[in-house]
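Quick notes on the structure that follows.
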Number of protein chains: 2
Amino acid sequence: MSDLGERLRARGKRLTTQRERVLAAVGRLGHGTPDEIAASVASDGAGALPVSTVYRSLDALQELGLVGHTHVDHRTPSYHLAEHATHLHLVCRGCGWVGEMPLDAADELVARVDDELGFAADVSHAAVHGLCRTCREDS
Amino acid sequence: MSDLGERLRARGKRLTTQRERVLAAVGRLGHGTPDEIAASVASDGAGALPVSTVYRSLDALQELGLVGHTHVDHRTPSYHLAEHATHLHLVCRGCGWVGEMPLDAADELVARVDDELGFAADVSHAAVHGLCRTCREDS
DNA sequence: TTGAATGCAAAAAATTTGCATATTG
DNA sequence: CAATATGCAAATTTTTTGCATTCAA
């Protein structure tokens with residue numbers, strides 16, 4: 001992970017254990033709100049971190065492009081590793097299930113938005129809501 | 001607007017001036033956070049409403065399918081008329097500009113998600129982030 | 001009349017900020 | 001050593017809740 005260090009340094013930022021722990025927690029969780037991430041960090045055996053540090057670390061990691069976030073629920077942001085952002089997110093309104101779909105599923109959409117509006121869409125940031133197979137059948 | 005009244009009654013809910021005013025404010029704004037909606041309501045000449053009423057009205061109208069919301073910024077939800085949800089939303093990360101695109105631009109995406117995961121996507125709830133033409137050129 | 005909705009104020013969440021101190025580079 | 005980050009606590013901001021009162025049906 002000296003890669004992390006270099007990316008940080010390249011931007012005049014520093015590598016701290018806190019940032020490493022936050023990044024690791026995001027990786028462990030897959031998806032998590034700042035709150036859940038703080039809890040996960042707290043359970044990694046090295047003690048809890050103040051929430052403010054978690055927020056600031058997430059900001060830094062995000063600025064670096066290492067993590068991204070989407071709005072899985074309609075309240076708090078949910079962070080994930082950037083490498084994880086090779087998918088767009090599907091969120092079930094019924095049960096909260098979170099699924100993924102390769103980004104190329106949105107190619108047509110991205111192309112149209114570009115053609116018609118000159119807008120450069122970053123679909124990996126999108127959470128598409130709807131109903132998963134199970135909830136769909138139940139209703 | 002007796003239509004609104006009937007839809008409410010059909011669900012055991014009631015038509016109140018507060019709900020009408022909130023709905024009107026959403027229509028006026030196009031897009032708005034609860035806060036902005038409260039401000040817009042307050043300026044309609046009939047006095048301000050407590051925020052709690054605004055929140056509860058938005059919930060009721062949403063439950064009724066008259067308004068929907070997306071996460072335009074990464075903090076607060078932005079509500080819009082349901083009829084407005086014939087578009088998906090594009091949000092510029094640079095300047096906050098909010099654009100629209102007809103839903104059919106996402107047809108392919110919706111179809112793939114359905115085929116592969118059985119997920120019924122409601123794209124009108126999605127906000128796709130990216131860079132608008134202007135911000136794109138600036139960077 | 002009667003249950004649903006409001007108004008108000010207080011409680012809960014969620015996020016940010018100031019600043020002295022500790023750390024990285 | 002200098003600049004960046006942390007820790008901690010307090011301040012904001014955003015949303016929810018309890019409850020007596022009002023109002024639509």
Side-chain angles (χ1 to χ4, degrees), chain A residues 1-23 25 31-42 44 46-64 66-67 69-79, chain B residues 1-26 31-42 44 46-64 66-67 69-79:
Chain A
M1 283 287 142
S2 69
D3 179 45
L4 171 55
E6 281 171 39
R7 295 184 72 159
L8 282 160
R9 263 168 253 132
R11 299 227 195 168
K13 292 179 183 288
R14 294 173 181 179
L15 176 58
T16 62
T17 46
Q18 288 86 337
R19 287 173 178 176
E20 289 180 310
R21 292 174 65 205
V22 168
L23 183 58
H31 291 274
T33 62
D35 207 56
E36 293 165 337
I37 292 166
S40 179
V41 166
D44 71 4
L49 290 181
V51 278
S52 55
T53 297
V54 173
Y55 277 98
R56 289 192 277 223
S57 297
L58 286 170
D59 282 351
L61 294 169
Q62 182 166 245
E63 215 177 291
L64 233 68
L66 288 168
V67 307
H69 71 268
T70 56
H71 284 274
V72 164
D73 73 12
H74 279 288
R75 241 328 230 329
T76 43
S78 181
Y79 289 82
Chain B
M1 287 289 139
S2 68
D3 181 43
L4 171 55
E6 280 172 41
R7 295 184 70 160
L8 282 161
R9 263 168 253 130
R11 298 228 196 167
K13 293 178 182 287
R14 294 174 182 178
L15 176 57
T16 63
T17 47
Q18 289 85 337
R19 288 174 177 175
E20 290 180 309
R21 292 175 64 205
V22 168
L23 183 59
V26 173
H31 291 275
T33 62
D35 206 57
E36 293 166 337
I37 292 166
S40 180
V41 166
D44 71 3
L49 289 181
V51 278
S52 55
T53 297
V54 172
Y55 277 98
R56 288 191 277 224
S57 296
L58 285 171
D59 281 351
L61 294 169
Q62 181 167 245
E63 214 178 293
L64 234 68
L66 288 168
V67 307
H69 70 269
T70 56
H71 284 274
V72 163
D73 72 13
H74 279 287
R75 251 307 244 332
T76 44
S78 180
Y79 289 81

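Quick note: numbers below take in every heavy atom, side chains included, and nothing from hydrogens, waters or symmetry partners. Reminder, nothing fancy here: chain letters follow the sequence lines and each chain counts from 1. Owing to the predicted nature of the structure, the values given are computational and were not obtained by experimental measurement.
For the OP1/OP2 pair of dG25(C) and a distance below 4.0 Å, the side-chain nitrogens and oxygens of Arg9(A) include at least one atom meeting the criterion.
A 4.5 Å side-chain heavy-atom check between Asp35(A) and Val54(A) finds every atom pair outside the cut-off.
Taking atom CD1 of Ile37(A) as the reference point, atom C1' of dA14(C) lies 14 Å away to the nearest angstrom. Rounded to an integer number of Å, the gap from CG of Leu4(A) to P of dT24(C) is 14 Å. The CD-P distance, from Glu20(A) to dT23(C), rounds to 15 Å in whole Å. Rounded to whole Å, the distance from CZ on Arg11(B) to P on dA25(D) is 17 Å. Distance CG (Leu64(B)) to P (dA5(C)): 11 Å, rounded to an integer number of Å.
When atom types are taken as modelled, the side chain of Arg19(A) and the backbone of Leu8(A) share no donor-acceptor pair closer than 3.5 angstrom. Between the Thr33(A) side chain and the Ser78(A) main chain, no donor and acceptor come within less than 3.5 Å of each other. No donor-acceptor pair under 3.5 Å is formed between the side chain of Arg7(B) and the backbone N or O of Leu66(B).
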**OP:** Spell out protein contact along nucleotides 4-14 of chain D as letters: B when the base is contacted, S when just the sugar-phosphate is, - when no protein heavy atom is under 4.0 Å; keep the 5' to 3' order.
**Re:** BSBBBB----S
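Across Val26(B) and Val67(B), no two heavy atoms sit closer than the pair CG1-CG1, 4.3 Å.
Under the side-chain hydrogen bond (donor to acceptor under 3.5 Å, both in side chains) rule, Arg21(A) has a single partner from Asp44(A), Thr53(A), Thr16(A), which is Asp44(A).
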